[in-house]
Amino acid sequence: MAIGTALSEPPKIHRFPQPKYIDSIRWLPPVSALDRLAVIAVLDSDKDSSSIEIHSFTQDPSPNLTLHSQWDAPSRISSLTASQFNHRSLVAAATLSGSLHVLLTGAMDPSEFASELSVPEKVLHDGAISCVDVMDGGVECVTVGEDGRVNLVSLGEDQLSYKRIFDSSGLVSFTSAKWASPSEFATGGFGFSLQWWDQRKTGGAVSQFKGDWNQSKSSGIVHSIDIHPSRKHTCLAGGSLGTVFAWDLRWPQQPLILSGVGSGEATCSPCESEVWEVQYDPYVKSTNVGSGSSRILPTMICSEDGILAVVEQGEEPIELSAEPCAINSFDIDKQSPSDVIYSLEWESIAILTRP
């Protein structure tokens, strides 16, 4: 595997040991140009308690993460995402007990939590919420669970309202979700399956895919989905066995395998374990520019075997970091794509800066 071959020099990595286990981590969308804030879901195993924290990242005189505020969660966080809402930062957090919480930061101080709205457990899902994703603008969330339910949650001035748009009664389980447009989103689940939903059409998913390219290993799970804003017809997915693939709605039964199961000898897989998250990487310039919209843009992944890497169709993977433990989650700074924040299983946060 190539190590930083697309970079003029190796990336700089700063690690910050933490007193608690990190379940998920995201950059907070900046309210002003001066904000460099991260929201972190943590677990205190000694006290068996979970919370969501806001940290500021500063680089002068030396790189540092500083805790500013904390919100105590009723149970362990299973999914975390962030967006903007009415010139404030919005954090949506789902729990293993099935509750959903929407936190808004202060209008004057974006590093402090100012308000919280919630849906209690056993209302949206019978059990844990596998994933929550917030539409751009923060007006609506989608939640999915292994109970086979898909819910839409709307944010009002002082309450959350919801409607259930699908319930398989456990016959189908969902593990991930991602908005594509104000009316469309994708979900993923067991068997490397993907579903496409359109709120303008009733009766369930409008398109479905089951990853049966390798019958002996098709029991894999989709852990993460991403959809590029300029290519909403293509759904990117990462999951079991180091698998990363793209599903193009124009050719719904012909997935493009970028890594892992079914990738063939021509593709070098950067990892062999669970791919926990995938995100399109705007920092790496594609070598396929001009090849048409069917080409898959560069994609960053993190894995159970400690790999943070960029994969691209037809190219050798670029390894950014190889850690001695799992990388549970990561996030690329949308305002400064050279900066990537990620969490390590060994109670640590790292910030990687590319030249």
Side-chain angles (χ1 to χ4, degrees), residues 14-44 47 49-95 99-119 132-141 153-160 329-343 347-353:
H14 301 283
R15 295 177 178 84
F16 307 94
Q18 301 294 305
K20 304 172 185 176
Y21 184 88
I22 313 300
D23 278 321
S24 188
I25 193 164
R26 295 287 182 265
W27 290 109
L28 267 185
V31 177
S32 73
L34 300 177
D35 298 331
R36 293 301 304 277
L37 301 171
V39 60
I40 304 166
V42 300
L43 169 69
D44 188 333
K47 299 179 179 179
S49 63
S50 294
S51 59
I52 297 176
E53 301 175 348
I54 294 180
H55 292 243
S56 65
F57 174 55
T58 55
Q59 293 183 289
D60 293 324
S62 60
N64 190 39
L65 275 177
T66 304
L67 173 64
H68 282 268
S69 60
Q70 175 179 304
W71 177 82
D72 294 329
S75 68
R76 190 169 182 177
I77 303 300
S78 57
S79 180
L80 183 74
T81 188
S83 183
Q84 282 190 332
F85 179 74
N86 289 344
H87 306 292
R88 294 194 289 173
S89 293
L90 177 152
V91 177
T95 69
S99 60
L100 175 68
H101 306 270
V102 175
L103 309 172
L104 289 172
T105 61
M108 300 300 294
D109 187 354
S111 66
E112 297 288 336
F113 290 120
S115 61
E116 182 254 346
L117 300 172
S118 64
V119 179
V132 59
D133 190 50
V134 181
M135 183 190 300
D136 286 344
V139 294
E140 199 163 39
C141 305
V153 182
S154 299
L155 176 61
E157 290 186 5
D158 56 1
Q159 66 177 358
L160 300 177
S329 67
F330 76 91
D331 196 26
I332 301 171
D333 190 337
K334 292 180 175 59
Q335 306 302 316
S336 179
S338 60
D339 293 340
V340 182
I341 192 167
Y342 59 95
S343 61
E347 300 182 351
S348 184
I349 295 170
I351 295 180
L352 179 147
T353 299

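All heavy atoms count here, side chains included; hydrogens, waters and symmetry mates do not. One-based numbering along the sequence shown. All values derive from a computational prediction rather than experimental measurement.
- The two atoms that bring Ile22 and Ser348 nearest to each other are CG1-O, 4.2 Å, heavy atoms only.
- Between the side chain of Gln335 and the main chain of Pro29, no donor-acceptor pair closer than 3.5 Å is present.
- Under a 3.5 Å cut-off, the side chain of Ser329 and the backbone N or O of Ser343 do not form any donor-acceptor pair.
- In this structure, Ser24 contributes its side chain and Ala41 its backbone to no donor-acceptor pair below 3.5 Å.
- With values rounded to the nearest 0.5 angstrom, Asp23 atom CG is found 11.5 Å from Ile40 atom CD1.
- Remark: His55 NE2 to Ser69 OG distance equals 8.5 Å, nearest 0.5 Å.
- Side-chain N or O atoms of Gln18 include one that pairs as donor or acceptor with a backbone N or O of Phe16 at under 3.5 Å.
- When all heavy atoms of Lys20 and Ser51 are compared, the pair lying nearest together is NZ-OG, 4.2 Å.
- Considering CD of Glu53 and CG of Asp72, their distance stands at 9.5 Å, rounded to 0.5 Å.
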Check: Taking it one step at a time, do Leu65 and His14 satisfy side chain to side chain contact (heavy atoms under 4.5 Å, CB included)?
Finding: CA-CA 10 Å; Leu65 275 177; His14 301 283; over 6 Å; no
Next item on the list: Check the pair Asp339 / Trp27 against side chain to side chain contact (heavy atoms under 4.5 Å, CB included), numbers first and verdict last.
Entry: CA-CA 10 Å; Asp339 293 340; Trp27 290 109; 4.2 Å; yes
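- Taking the side chain as every heavy atom from C-beta outward, Ser99 and Pro74 approach each other to under 4.5 Å.
- Interatomic distance, CD of Glu112 versus CG of Leu103, reported as 12.5 Å (0.5 Å rounding).
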Note to self: Show, in sequence, the C-alpha distance, side-chain angles and deciding distance for Ile341 and Asp333, and conclude whether the side chain to side chain contact (heavy atoms under 4.5 Å, CB included) test is met.
What the structure shows: CA-CA 8 Å; Ile341 192 167; Asp333 190 337; over 6 Å; no
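- Note that CG of Leu104 is 4.0 Å distant from OG of Ser115, once rounded to the nearest 0.5 Å.
- At least one donor-acceptor pair under 3.5 Å links the side chain of Ser78 to the backbone N or O of Ala94.
- The number of heavy atoms from other shown groups lying within 6.0 Å of CG (Asp44) is above 12.
- Between Pro63 and Ile351 there is no side-chain heavy-atom pair separated by less than 4.5 Å.
- Closest heavy-atom contact between Phe330 and Arg26: O-NH1, 3.3 Å.
- The two atoms that bring Arg15 and Ala350 nearest to each other are CG-CB, 4.0 Å, heavy atoms only.
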Next item on the list: Under the side chain to side chain contact (heavy atoms under 4.5 Å, CB included) rule, what do Leu117 and Leu155 come out as? Steps first, then yes or no, please.
Entry: CA-CA 9 Å; Leu117 300 172; Leu155 176 61; 3.3 Å; yes
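- Nearest heavy-atom pair across Ser75 and Thr95 is OG-CB, 3.1 Å.
- For Arg88 (side chain) and Thr105 (main-chain N/O), a donor-acceptor pair under 3.5 Å exists by modelled atom type.
- Side-chain contact between Ile52 and Phe113: present, with at least one pair of heavy atoms (C-beta onward) separated by less than 4.5 Å.
- When every heavy atom of Leu80 is checked against every heavy atom of Val39, the shortest pair comes out as CD2-O, 3.9 Å.
- Separating the CG atom in Leu90 from the CG atom in Leu28 is a distance of 9.5 Å, to the nearest 0.5 Å.
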